[in-house]
Every structure is written in C-alpha cells, then in structure tokens.
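The block underneath contains the structure these notes are about, expressed in structure tokens.
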Amino acid sequence: MRMKPLKRSLPLLLALLLAACAGVKPPAAALALPEAKPAAESGPDEAKLPKVELTPEILYGVLAGEIAARRGAAGSAGLTYLDLARETRDPRMAQRAAEFCLLTGQLKPATEALRLWIELDPDSLPAREQLFITLMRGGKLAESKPLLEELLRLEPQRAPAIFVQLARLSSRPDGGGGQSYQLVRELAGRYPDLPEARFAVLAAAADSNDQAAVDREFDHLARIAPKWDLPVAWQVDRLRRKDMNAAAGFLQRELARRPDAGLELQIAYPRLLVGAKRFPEARAAFESLLKTHPDNPDLLYATGLLAYQMRDLKTAAARLQGALEQHYPEQDFVRYTLGQIAEDERDDERAENWYRQVGSGQQYLPAQSRLAMLEAADGKLDEALGRLSGLGNTDQEKISLALLQSQLAREAKQPRRAYDLLTQALQRQPKASELLYERSLVSDMLGNAGNAERDLKQILKDKPGDAQALNALGYTLANRTTRYQEAYGYIEKALKAEPDNPVILDSMGWAQYKLGRLEAARKTLEKAYAAMPDPEVGAHLGEVLWKLGRRDEALAVWRKELIQHPGHDVISEAMQRLGAKP
C-alpha cells in the first residue's frame, strides 16, 4: 500500500535528521581547511534552499543512508545521498554525499558531489576547499589550480591555511609529484615572505628530492619565521623514519638558529638522541633543558629514566619522584619504576611501598607480581601465592601468573606444590603449552620422568615441530632413562630447527655422552659452553672431560663455576659421583 505524502517541508526535517545523525564524521583529511568555519555554520541561506515536498521516498533515502553509514557502509550511504541531491537539488544532500564518499575514499563520486554542491550553493567556500583537496588527491592538478586561485582571491586572509594544506597534500604519496611541485611554486611565488607559502614549497621540493630547494626554504624560514616550529617538526618526522641520526643533526642545526623555538621542539632533540641510542648525549641535552625548566614533568621523567638506564639510581629516584609531584600523566609507570629502583638499591620495604601504590591498569599485574616475588623471597610463600590467585583478565595473563606461582614454589624448594598449582591451572586451560612445559620441568625435578614425558608429548601432539619441547623430551629421556637412542632422535630434530641454540647443543652433548660418543660429546659441549657459560653446561662438560681422562681440565671448569655458583647441585652431584675432590 502506498503511503500518503507527508505535508512537511524538506529543509526543516532534513536539518533535524542530519543533526541527529551527526555521529558519522568525515575523515580529518576531508574536513575544511584550518581556520575555516565548520560546514554547519557556513551553510546555505535557508531562503535559497529549494522548496521540495518531503515524499516517503526522500525520507526513506535519508534514513537508509544514515543507517547504512552507522552500520559501516558509508560508501553506500554516499551514493544514496548523491542520488537524493540530484533529485532534490538540495546542497546539503550534496554535502552529505561528499562527506561519505570522502570518508570511504571514493574520489570520483566525491568529486561529482562537490561539483554539484558548488553548483547548488555557489557561495560555499568549504565546497571549493574540499573540491581542490579532492582533485589534488586524484592527481587532477590542472583542474585544482583555478579553484585555488579563486580561493586565494576571494579570501586572501586564509592564504596561510591554504598553503599549509598544500604542504600536507604535496607530501602525500598521491600528491602529484613534479606537477604538484610546479603548481605550488607558481602559487607561492606571489607570496615570497609568507611562511606558510615557503613551507608548501619545501614540502613539495622534498617530495621531488630537490634538497637544495629544501635547504634554501629552511634558510628563508629561519629568517622570516624563527618561532614557527611546524616546518622543522615536519622535516624531523620525515627524516627520523629513515635515519635517526640525520634527524638529530638537522634539528640540532635548526635549534641553533632558532633560540626561541618552542619547548616541545627543543625536547624532540634529546628524544631523537635516545632513539639513536646516544644516551650520554641525550642525558646531557635533557639536563640542559631541565636547568631552565626545572618543574617540567616531561623533562623530570626523561632525565629520571636516562639516569636509571645509566645506573645512576639516586638521581633516577629523585627525578622520577619529581615527575610524580609535577603530575606526570603516567603515574603508575613511574611508581612501578621507582619500585624497581628501590629493589636495585636492596631496599625491599621502599620497593613494596611503591608497588602497593600502583593502581588498576597496565602496570597493576607487574606490580603485584613484584610484590609476590618480594614476599616469597622473605619466606612468605603462602602470602605471595595468595596475592596472585584470582588475578588476570585474559587467558595469557592467567597463564603468566600460574607460571610465576610455580616459579616461586620451586625457588622455595616446594616442587610438589608447584606441580599442584600447575595442575589446577591446566584444568582451566588444558592445552596451554607453556603450562604443560613448566609442569614437565617440575615433574623432572620430582624425579617423575613418566609425567614429564606425558606433558611434553601432549605439546608435540599439538605442535609437532616445537624445538623447545623436542629438546626437553630428549634431555629428559637421556637424563632420566636408558632410552638414549630415542632421546638422541628428539634432540636431533630440535637441533635441525635451531642449530646454534646452546641449550639444545648441551642436550645433544649429553645424549652423545650417554651413548658413549665421548669425543663428539666434548666438541658439542665445548661449543655450547662457549656460547652459554652456564653451570649445568659446565657440569656436563666437566664430566665428559673427566671420562676422557682430562681431569685437570674438568676440575678447572667445575671450580670456575663453583666460585660463581657455590654448592651448585648438578656440579656437586657429578663431582661426588665421580670421586672428584673440589
């Protein structure tokens, strides 16, 4: 059944509908130029709008377009509005069509909508602005030139904003290259001392790899606009993507001739030095700025982190506390870092105090984990494990917390408790390979090779080529059973996947030793020990050397490790079993 036409004027209802649906906005690149009035404020005179009866078809089209846009189909909405604009001859329909088409990158219908908008509202400067931007994005420079010249003639006071937009457009991948450079130079030639015009030229010159012109324009800008930071910041951003040191060198030169540059630009210089890993220079530059801006939270924070990086803990703590007092925004990260500094200074009480002040957010779990580790180290294992229970929102967080609980229990010489904690966690996440791997290690500690083998084979069932699991299974079989050839096969597969991994090399050497291949074992273990001078690897190497009759060398390896790791279990057990004297 056909609906009876509603007797209500289109302009009023359309204004209400568009206002209600204003949640869908065009992208920043498609908005009016800087300093321009918003389109809603510079719209057409109501008296000039067409008198169109609001038919059900028009109403349906408006609603369908807005609903489509809200559901992510802005491209379809733009085409719907373009049809409505042709039918109603209402410039607001054309404007809405252009917004949606630009939002979805449909340059051809956007251009058509913008031309229609200008035709229906010849006084609309926003329509002209959007059209010249769209034409330049589409590489249609010849068509954009008359629009630019007209805009500059009609609103000369807006020349700075227009040239800044030209700078942005000419430096885009779709900015037009050499043709864009020529157009910008021609237009800017009429404004020899307008900073924004010079910026547009240097941006286009940079895009065309005309470094001499870029340098000339920066020389000119340093004379006529020494306090304008935008062009310098633009060039720094461009350079740092390719070479952090080149960006730092450029900015250092510009700052030298711009003594009144803004603080943010001045801070950018030491930040670039940090990015280039030139930490002493960065710290000196930050410290120099801090002398003239002693209460700046960004500078206090930066100098604090750099001091911590360079192990100047006293200065680091003082600066970061200063950043807190000056309300640096990342308060919890600063508190967490202060806790780490206190731990490095072996002041566990102060560290705990900082960690307890960390609120909910990104740093909460790390802070709670550090608290638990401090409690466990103080002999309060129950309190530490209880602190971690129930924390974590994601599966990965819960896995990480279960692994930490196991680690704390193991370090407290309670492997059975670690095993039970992991088993509980695996009941919730039975295929978590990290938990299965950790439980296999705990099973090995408990002397239960069967359980360790079961968990490792479960990992390999889901991930057949997992080098870590292959190595662990091979080492467990070589170390806890007499299935040496089977162990060798697993380790060989792991070594093919990661041929230079010293952990796997150690396992291979140990399997070779168990198979009686002493000379091959020595070479393999020496390679592993050179890459990773770990006490357990040293224990294995020493045992092979001992069996080869090279007992002085074996004792030298063991004694070296015992100096750094007194009473190491694996070395002590090997020496006692072999009858070697410390």
Side-chain angles (χ1 to χ4, degrees), residues 229 233 244 248 251-252 255 261-380 383-384 386-388 391-393 397 400-401 404 408:
D229 295 343
M244 201 71 72
L251 183 53
Q252 184 181 34
L255 289 174
L263 180 59
E264 187 59 34
L265 191 64
Q266 295 181 56
I267 292 176
Y269 174 61
R271 284 176 176 161
L272 289 170
L273 295 175
V274 170
K277 294 183 171 54
R278 294 159 60 180
F279 299 121
E281 294 173 75
R283 187 180 182 188
F286 273 124
E287 292 286 351
S288 177
L289 288 172
L290 191 62
K291 289 178 181 177
T292 53
H293 302 83
D295 296 325
N296 183 279
D298 290 326
L299 293 173
L300 289 165
Y301 172 76
T303 53
L305 285 189
L306 279 170
Y308 186 33
Q309 169 81 19
M310 301 176 75
R311 309 309 296 164
D312 182 356
L313 302 183
K314 184 177 180 180
T315 300
R319 294 290 168 74
L320 290 174
Q321 288 184 66
L324 279 180
E325 292 166 5
Q326 295 301 323
H327 310 292
Y328 184 78
E330 299 294 334
Q331 297 261 308
D332 281 339
F333 179 79
V334 175
R335 293 186 182 106
Y336 179 75
T337 306
L338 284 165
Q340 291 185 303
I341 292 171
E343 281 197 71
D344 288 347
E345 293 180 323
R346 302 187 183 282
D347 189 340
D348 291 350
E349 183 178 351
R350 183 158 57 91
E352 287 184 9
N353 181 54
W354 283 118
Y355 292 140
R356 291 181 195 281
Q357 293 182 53
V358 175
S360 60
Q362 192 174 3
Q363 303 305 321
Y364 182 71
L365 279 183
Q368 291 298 305
S369 297
R370 297 305 306 176
L371 278 170
M373 295 172 77
L374 289 170
E375 289 165 344
D378 197 32
K380 303 173 184 175
E383 189 173 336
R387 175 180 297 282
L388 299 175
L391 295 181
N393 296 318
E397 287 175 346
S400 297
L401 290 165
L404 178 56
L408 296 179

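This structure is a prediction, so every number in the text was calculated from the model and none was measured. Excluded from the calculations below are hydrogen atoms, water molecules and symmetry mates; all remaining heavy atoms, backbone and side chain alike, are included.
- Scanning all heavy atoms of the two residues, the minimum distance from A351 to L374 falls at CB-CD1, 4.1 Å.
- No more than 12 heavy-atom neighbours from other residues, nucleotides or ligands sit within 6.0 angstrom of CD on Q362.
- Taken from OG in S369 to OH in Y364, the straight-line distance is 10.0 Å, to the nearest 0.5 Å.
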Please report the C-alpha distance between L273 and F286 in whole Å, then the side-chain angles of each, then the deciding distance to 0.1 Å, and finally whether the side-chain contact (heavy atoms from CB on, under 4.5 Å) criterion is met. CA-CA 10 Å; L273 295 175; F286 273 124; over 6 Å; no
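- Between A285 and P270, the closest heavy-atom pair is CB-CB, 3.8 Å.
- With rounding to the nearest 0.5 Å, the separation of CG in L299 from CG in L290 is 5.5 Å.
- Nearest heavy-atom pair, A376 versus L408, reported as atom, atom and distance to 0.1 Å: CB-CD2, 3.9 Å.
- Expressed to the nearest 0.5 Å, how far CG of L289 lies from CG of N296 amounts to 8.5 Å.
- Listed for the D332 side chain is a donor-acceptor partner under 3.5 Å among the backbone atoms of G359.
- Closest approach of L320 and L305 over heavy atoms only: CD2-N, 4.3 Å.
- The list of side-chain hydrogen bond (donor to acceptor under 3.5 Å, both in side chains) pairs with a residue in residues 306-323, not counting sequence neighbours, reads R283-D312, E287-R319, T303-R319, Y308-D344, R311-D344, D312-T315.
- In the displayed structure, Y328 atom OH is contacted under 6.0 Å by more than 12 heavy atoms of other residues, nucleotides or ligands.
- With rounding to the nearest 0.5 Å, the separation of CG in L388 from CG in L365 is 9.0 Å.
- One distance of note links CG of L324 with CD of Q331; it measures 5.0 Å at 0.5 Å rounding.
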Check the pair L300 / E325 against side-chain contact (heavy atoms from CB on, under 4.5 Å), numbers first and verdict last. CA-CA 10 Å; L300 289 165; E325 292 166 5; over 6 Å; no
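- The side-chain hydrogen bond (donor to acceptor under 3.5 Å, both in side chains) with E375 is formed by just one residue from the set R370, R387, K380; it is R387.
- Across every non-hydrogen atom of P297 and A323, the tightest pair is O-CB, 4.0 Å.
- The minimum heavy-atom distance between A372 and A384, with the atom names listed, is O-CB, 3.2 Å.
- Q363 and Y355 form no side-chain donor-acceptor contact under 3.5 Å, judged by distance and modelled atom types alone.
- Separation of atoms CD (E383) and CG (L371) is listed at 9.5 Å; rounding is to 0.5 Å.
- Residue pairs meeting the salt bridge (charged side-chain N to carboxylate O under 4.0 Å, His left out) criterion with at least one member in residues 265-277, sequence neighbours excluded, are E264-R271.
- In this structure, Q266 contributes its side chain and A261 its backbone to a donor-acceptor pair below 3.5 Å.
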